[in-house]
Amino acid sequence: MKEKIRIVQLHHTSEGRKVALVEEPFLRLLSDTGSVYELALDALQLRKDMIKVINSRLSETRIDYDAVYDGENDWKLLPSFDHPDNPLFCLVSGTGLTYKNSALNRQMMHVSAENKPTDSMQIYQWGIEGGNPEKGKIGVQPEWFYKGSGAVLKAHATSLQIPPYGNDGGEDPELAGIYIVDKNGEPFRIDFTTANEFSDHIMEKKNYLYLAPSKLRECAIGPQLVIDPDFSAFTGKVSVRRKNQLLWSADIKTGENNMCHNLANLEYHHFKYAGHRIPYQAHVHFFGADAFSFGSQVKLEDGDVMSVYWEGMGRALKNFLKIDDEEEKMMVIKSL
């Protein structure tokens with residue numbers, strides 16, 4: 001079994017980008033490493049385990065993690081993974097309806113007068129029946145959604161914005177899988193990170209066909225990327241604070257033991273598409289949530305702080321809500 005190891009990405013105005021190993025209460029910088037993406041490519045080229053490459057690059061420079069985490073240092077946390085040179089070469093996507101609570105929340109959003117199961121509940125039931133195939137077998141495909149390119153990725157302690165065309169914005173506490181595609185088009189999992197998928201639940205509630213545009217929003221990952229192969233079960237806590245007072249919180253669960261699909265099936269149905277196996281492509285893929293404040297009729301306000309914490313995944317990911325209150329303006333597209 002691999003050693004569990006946590007790394008972060010940082011930026012300094014004069015020293016640029018760096019990757020650091022978490023050695024609580026410090027961050028230990030890696031030498032000659034500007035991104036996790038670069039680190040993963042080097043591991044592939046050297047045909048070495050990521051952890052061995054990390055350990056071979058440990059410097060003697062340590063930084064106070066508290067100061068960085070609290071924003072009191074010239075070093076700033078970046079998203080725990082990205083494409084450092086071209087955000088367009090990072091695909092951000094996710095899988096929905098993998099948890100019963102998620103399906104129930106969607107059922108309540110879209111239930112009809114006839115009180116029949118919605119399409120969302122049917123997809124969840126298909127997952128129960130065929131989402132955990134035997135090893136080497138192909139199971140039923142899950143719901144899949146696109147969030148955008150790597151340009152939508154935000155770091156810990158930054159804002160997640162409701163745009164002028166948005167109806168709402170709310171947290172989705174999740175884990176995200178982090179992947180890279182090698183020069184031959186073969187995908188590799190780097191591993192997992194805490195995530196806030198953040199989406200527009202009011203827009204989605206209007207009509208389930210609005211799911212696609214409701215997902216085209218900013219999202220956050222980090223602070224740490226955790227290299228640990230065990231995706232069986234995680235427990236945690238999601239909360240929203242307003243003016244330093246707890247507004248809402250809930251216990252959360254994730255991992256294969258709590259989902260209607262196993263990881264291999266979810267990964268197959270993402271990477272079966274040739275367009276998701278382009279050499280040197282980066283991927284951030286969200287694996288769903290089983291609780292969020294919108295399901296408890298909580299409406300977030302400007303400045304509210306969303307927090308996602310998973311046991312074993314390091315420090316909590318915190319982001320504050322920002323509402324762009326400018327009036328939505330028509331965009332005129334010109335002909336060439």
Side-chain angles (χ1 to χ4, degrees), residues 78-79 82-83 86-97 102 105-112 118-120 143-174 176 195-222 238-243 247-248 284-286 288-289 291-308 317-336:
L78 296 170
D82 59 2
H83 193 296
N86 187 356
L88 296 179
F89 225 55
C90 179
L91 191 154
V92 185
S93 58
T95 295
L97 302 173
S102 174
N105 279 319
R106 196 84 67 81
Q107 172 82 2
M108 288 186 288
M109 282 187 195
H110 303 136
V111 67
S112 66
T118 62
D119 291 343
S120 298
E143 178 189 68
W144 185 94
F145 59 83
Y146 173 67
K147 283 200 68 69
S149 72
V152 303
L153 295 172
K154 303 294 289 291
H156 163 77
T158 60
S159 67
L160 294 175
Q161 186 177 86
I162 300 176
Y165 50 81
N167 299 136
D168 188 32
E171 85 295 334
D172 278 311
E174 307 188 16
N196 181 350
E197 192 250 305
F198 192 73
S199 57
D200 190 333
H201 300 107
I202 288 181
M203 180 175 288
E204 178 190 345
K205 186 175 181 178
K206 289 179 177 178
N207 188 299
Y208 74 93
L209 295 177
Y210 279 166
L211 174 69
S214 78
K215 295 294 187 181
L216 296 174
R217 298 292 185 272
E218 297 175 335
C219 55
I221 58 172
V238 57
S239 65
V240 176
R241 300 185 73 87
R242 180 173 297 165
K243 297 178 180 178
L247 177 68
W248 172 88
V284 176
H285 191 77
F286 293 88
F292 48 90
S293 60
F294 184 80
S296 299
Q297 291 76 53
V298 175
K299 182 174 178 57
L300 302 192
E301 297 180 0
D302 193 81
D304 286 353
V305 176
M306 302 163 281
S307 175
V308 182
L317 169 64
K318 297 182 181 181
N319 299 93
F320 62 92
L321 183 73
K322 181 174 177 57
I323 299 175
D324 186 339
D325 55 8
E326 289 188 10
E327 184 179 349
E328 182 180 2
K329 297 178 181 178
M330 179 62 184
M331 180 183 296
V332 179
I333 310 302
K334 300 177 182 178
S335 298
L336 287 174

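What you see below is based on every heavy atom in this structure, not just the backbone, and it leaves out hydrogens, waters and symmetry mates.
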**Q.** Partner residues of A212 under the side chain to side chain contact (heavy atoms under 4.5 Å, CB included) criterion, sequence neighbours left out
**A.** none
Show me the donor-acceptor pairs within less than 3.5 Å that the side chains of residues 155-162 make with the rest of the protein, sequence neighbours left out.
unit_1, atom_1, unit_2, atom_2, d
H156, ND1, K318, N, 3.1
H156, NE2, Y69, O, 3.1
T158, OG1, A155, N, 3.4
T158, OG1, A155, O, 2.5

Q. Sequence neighbours excluded, which residues qualify as side chain to side chain donor-acceptor pair (under 3.5 Å) partners of N167?
A. K206
Q. Which atoms form the tightest heavy-atom contact between A220 and L317, and what is the distance?
A. O-CD2, 3.6 Å
Q) Just how far is it from atom CD of E218 to atom CG of N319, taken to the nearest 0.5 Å? A) 9.5 Å
Q. Step by step, would you call W248 with Q297 a side-chain contact (heavy atoms from CB on, under 4.5 Å)?
A. CA-CA 10 Å; W248 172 88; Q297 291 76 53; over 6 Å; no
**Q.** Close side-chain approach of T95 and E143, heavy atoms under 4.5 Å
**A.** no
Q | Partner set under side chain to side chain donor-acceptor pair (under 3.5 Å) for D200, not counting sequence neighbours | A | R217
Q. Side chains of D82 and C90: closer than 4.5 Å at any heavy-atom pair?
A. no
Q: Classify the angle between the aromatic ring planes of F294 and H201 as parallel (below 30°), tilted (30 to 60°) or perpendicular (above 60°).
A: parallel
Q. Of the non-hydrogen atoms in V92 and C219, which two are nearest, and what is the gap between them?
A. CG1-SG, 4.0 Å
Q | Distance-minimising heavy-atom pair for G148 and L216 | A | N-CD2, 4.5 Å
Q. What residues, two or more places apart in sequence or in another chain, satisfy salt bridge (Lys or Arg N to Asp or Glu O under 4.0 Å) together with K299?
A. D168
**Q.** Donor-acceptor under 3.5 Å (S296 side chain, V298 main chain)
**A.** no
(Q) Looking at every non-hydrogen atom in both residues, tell me the closest pair between E301 and L321 and how far apart they are. (A) O-CD2, 3.3 Å
Q: Kindly write out the residues that satisfy side chain to side chain contact (heavy atoms under 4.5 Å, CB included) with P173, not counting sequence neighbours, or none if the list is empty.
A: E171, V238, I252, A289, F292, V308
Q) Taking atom OG of S293 and atom CG of L300, what is their separation to the nearest 0.5 Å? A) 4.5 Å
Table please: side-chain donor-acceptor pairs of residues 329-336 below 3.5 Å, with sequence neighbours left out.
none

Q: List for me each residue that meets side chain to side chain donor-acceptor pair (under 3.5 Å) alongside D304, sequence neighbours excluded, and say none if there are none.
A: R242
Q: Can you sort out the partners of E197 under side chain to side chain contact (heavy atoms under 4.5 Å, CB included), two or more places apart, ordered by chain and number?
A: F145, K147, D172, E174, S199, K215, F286
Q: Using the test side chain to side chain contact (heavy atoms under 4.5 Å, CB included), find all partners of P213 that sit at least two apart in sequence or belong to another chain.
A: M203, Y210
Q.
Could you check whether any side-chain heavy atom of L88 comes within less than 4.5 Å of a side-chain heavy atom of S149, counting everything from C-beta outward?
A. yes
**Q.** All side chain to side chain donor-acceptor pair (under 3.5 Å) counterparts of S214, not counting sequence neighbours
**A.** none
